[in-house]
2 protein chains.
Amino acid sequence: MTLSARANPDLLATLEDRGYRVTRPRREVVNLLGQKQEGFSAEEVCAELPGVGRATVYRSIKLLLEAGVVCKLMLPNGGQKYSLARGEHHHHTVCVMCGTVGEFRDSSVERVLRTIGADIPGKIVGHRMEFYITCQDCLDTS
Amino acid sequence: MTLSARANPDLLATLEDRGYRVTRPRREVVNLLGQKQEGFSAEEVCAELPGVGRATVYRSIKLLLEAGVVCKLMLPNGGQKYSLARGEHHHHTVCVMCGTVGEFRDSSVERVLRTIGADIPGKIVGHRMEFYITCQDCLDTS
DNA sequence: CAGAAACTGATACAGTGTATCATGACACTC
DNA sequence: GAGTGTCATGATACACTGTATCAGTTTCTG
């Protein structure tokens, strides 16, 4: 298994490649997200970027979602969060205590997913997998 | 892999066992859910049970969620749906065209999940896995 | 630099779920 | 079977997340 600690993709370039314009608000959003090591919520981004409208923040995140460089994840309590996708296909771990999001890749997962996929009626177009954990930090401090 | 087609659990008994009262509204909600073969939304249930208040519908679903007999799933478009959990641990398939929810169990999944779990730092407290598909019906009629 | 196209931000709205609280229903005892 | 404490209900208001609208602005291209 590979726990990732890799460089962020160039989010701005991703948008540009997809034909979107490079504007000040998009630059600000993308810069901020690039620094986020953990999951984040849209409102959190709005709060940290008072110079960018709420609608624009949501729109930018949506574009990045569609481009596949940001993932949306569901917390066990029903809440939602976003997380940067650092390149390759991966899955997430979410700490149920502190909310920290991690990601991992594991070839055995993909192999099994392919096997299962072959048995599911219809055509697989995607999948989602999340692990809910209590992270080491939270275990230590409790 | 096992595609499920089993009897619904006795939802009302589940609530009773957990110390909740058996009331007319809860009976109505539970009866309706027991008939739902596919996923459902809370608002849909509200609409089909005009004699039960919206808050009560949400509260009942929440209780069933906590009891583990109802699952909440996330659609690829960000929407949400509920689905009956027919007993054992399982995972879901969601058709991205018609929204129909299926469920499956596969021992190889669980085996791999355990293996991965051993490598993830911290303590695993749960996981979620969903397949997004285009179901056979939708493939046929397109 | 001019014009078309894309983007922004303020606002209003939509969907989903929760808090509040006066009223009503359950279940339990006598 | 009536009385009673507790729990549940439902109307309403609110919170949160996200989207639609639209006049005004910025960006890109020629």
Side-chain angles (χ1 to χ4, degrees), chain A residues 11-33 36 39-67 70-83 94 99 101, chain B residues 11-33 36 39-67 70-83 94 99 101:
Chain A
L11 300 177
L12 207 56
T14 304
L15 290 182
E16 215 167 356
D17 289 350
R18 304 196 109 215
Y20 299 114
R21 289 189 176 167
V22 173
T23 64
R24 175 194 59 78
R26 283 180 183 163
R27 247 192 311 262
E28 288 195 29
V29 171
V30 149
N31 280 344
L32 181 60
L33 298 197
K36 295 258 173 204
F40 53 89
S41 71
E43 290 299 328
E44 183 185 325
V45 174
C46 292
E48 294 180 34
L49 292 176
V52 180
R54 212 171 71 98
T56 300
V57 168
Y58 275 95
R59 278 188 287 239
S60 302
I61 293 177
K62 192 177 186 186
L63 293 180
L64 294 167
L65 258 183
E66 285 163 4
V70 158
C71 311
K72 186 172 183 177
L73 24 136
M74 182 179 252
L75 309 185
N77 64 17
Q80 288 129 255
K81 251 192 172 183
Y82 298 94
S83 154
V94 187
V101 174
Chain B
L11 300 176
L12 207 56
T14 304
L15 290 183
E16 216 168 357
D17 289 350
R18 305 196 109 215
Y20 298 114
R21 287 188 179 166
V22 172
T23 64
R24 177 195 57 81
R26 283 181 183 161
R27 247 193 310 263
E28 289 195 29
V29 170
V30 149
N31 280 343
L32 181 61
L33 298 197
K36 296 259 173 204
F40 54 88
S41 70
E43 291 300 326
E44 183 185 327
V45 174
C46 292
E48 293 179 34
L49 292 177
V52 180
R54 211 171 74 97
T56 301
V57 168
Y58 276 95
R59 277 189 286 240
S60 302
I61 292 177
K62 193 177 186 185
L63 293 181
L64 294 167
L65 259 183
E66 285 163 3
V70 159
C71 311
K72 185 172 184 177
L73 22 136
M74 182 180 252
L75 309 186
N77 63 18
Q80 288 129 254
K81 253 193 171 183
Y82 298 94
S83 156
V94 187
V101 174

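Below, read A as the first sequence line, B as the second, and so on, with proteins coming before strands; counting in each chain starts at 1.
Between D:dG10, D:dT17, C:dT16, one nucleotide has an atom nearer to the side chain of B:Tyr58 than all others, and that is C:dT16. In this structure, of D:dA20, D:dA13, D:dG10, it is D:dG10 that holds the atom nearest to the side chain of B:Ala55.
No donor-acceptor distance shorter than 3.5 angstrom exists from the side chain of A:Lys72 to the backbone of B:Pro76, with no hydrogens or angles considered.
Side-chain contact between B:Leu64 and B:Val30 is present, with heavy atoms from C-beta onward closer than 4.5 Å. You'll find the side chain of A:Lys36 reaches within 4.5 Å of the side chain of A:Glu48, heavy atoms only. In this structure the side chain of B:Val29 never reaches within 4.5 angstrom of the side chain of B:Pro25, judged on heavy atoms.
Within residues 19-31 of chain B, the residues having any heavy atom under 4.0 Å from DNA chain C are, by residue number, B:Arg21, B:Val22, B:Arg24.
Taking atom CG on A:Leu65 and atom P on D:dG18, their separation rounds to 9 Å, with Å as the unit. When the C1' atom of C:dT18 is taken as reference, atom CZ of B:Arg59 falls 9 Å away, rounded to whole Å. Summarising the geometry, the separation between CD on B:Glu44 and P on C:dG17 is reported as 12 Å, rounded to the nearest angstrom. Per the geometry, CD belonging to A:Glu43 stands 13 Å off P belonging to D:dA15, to the nearest Å. Put simply, CG on B:Leu73 is 14 Å from P on C:dT16, counting in whole angstrom units. Atom CG of A:Leu12 is separated from atom P of D:dT27 by 13 Å (rounded to the nearest Å). When the P atom of C:dG15 is taken as reference, atom CD1 of B:Ile61 falls 17 Å away, rounded to whole Å. Summarising the geometry, the separation between CG on A:Leu63 and P on D:dG18 is reported as 14 Å, rounded to the nearest angstrom.
Using a 4.0 Å cut-off between charged nitrogen and carboxylate oxygen, B:Arg26 and B:Glu16 do not count as a salt-bridge pair. A salt bridge links B:Glu43 with B:Arg54: the distance from a Lys NZ or Arg NE/NH1/NH2 to an Asp or Glu carboxylate oxygen falls below 4.0 Å.
Listed pair A:Lys62 / D:dT19 meets the phosphate criterion, a side-chain N or O lying under 4.0 Å from OP1 or OP2. Residue A:Gln80 places at least one side-chain N or O closer than 4.0 Å to OP1 or OP2 of D:dG18. OP1 or OP2 of C:dG17 has at least one side-chain nitrogen or oxygen of B:Tyr82 nearer than 4.0 Å.
Judged by distance alone with a 3.5 Å cut-off, no donor-acceptor contact links the side chain of A:Arg54 to the base of C:dG9.
Across all strands, A:Lys72 comes closer than 4.0 Å only to sugar-phosphate atoms, never to a base (heavy-atom distances).
Under the 3.5 Å distance criterion, with hydrogens and angles disregarded, no donor-acceptor pair is assigned to the side chains of B:Glu44 and B:Tyr82.
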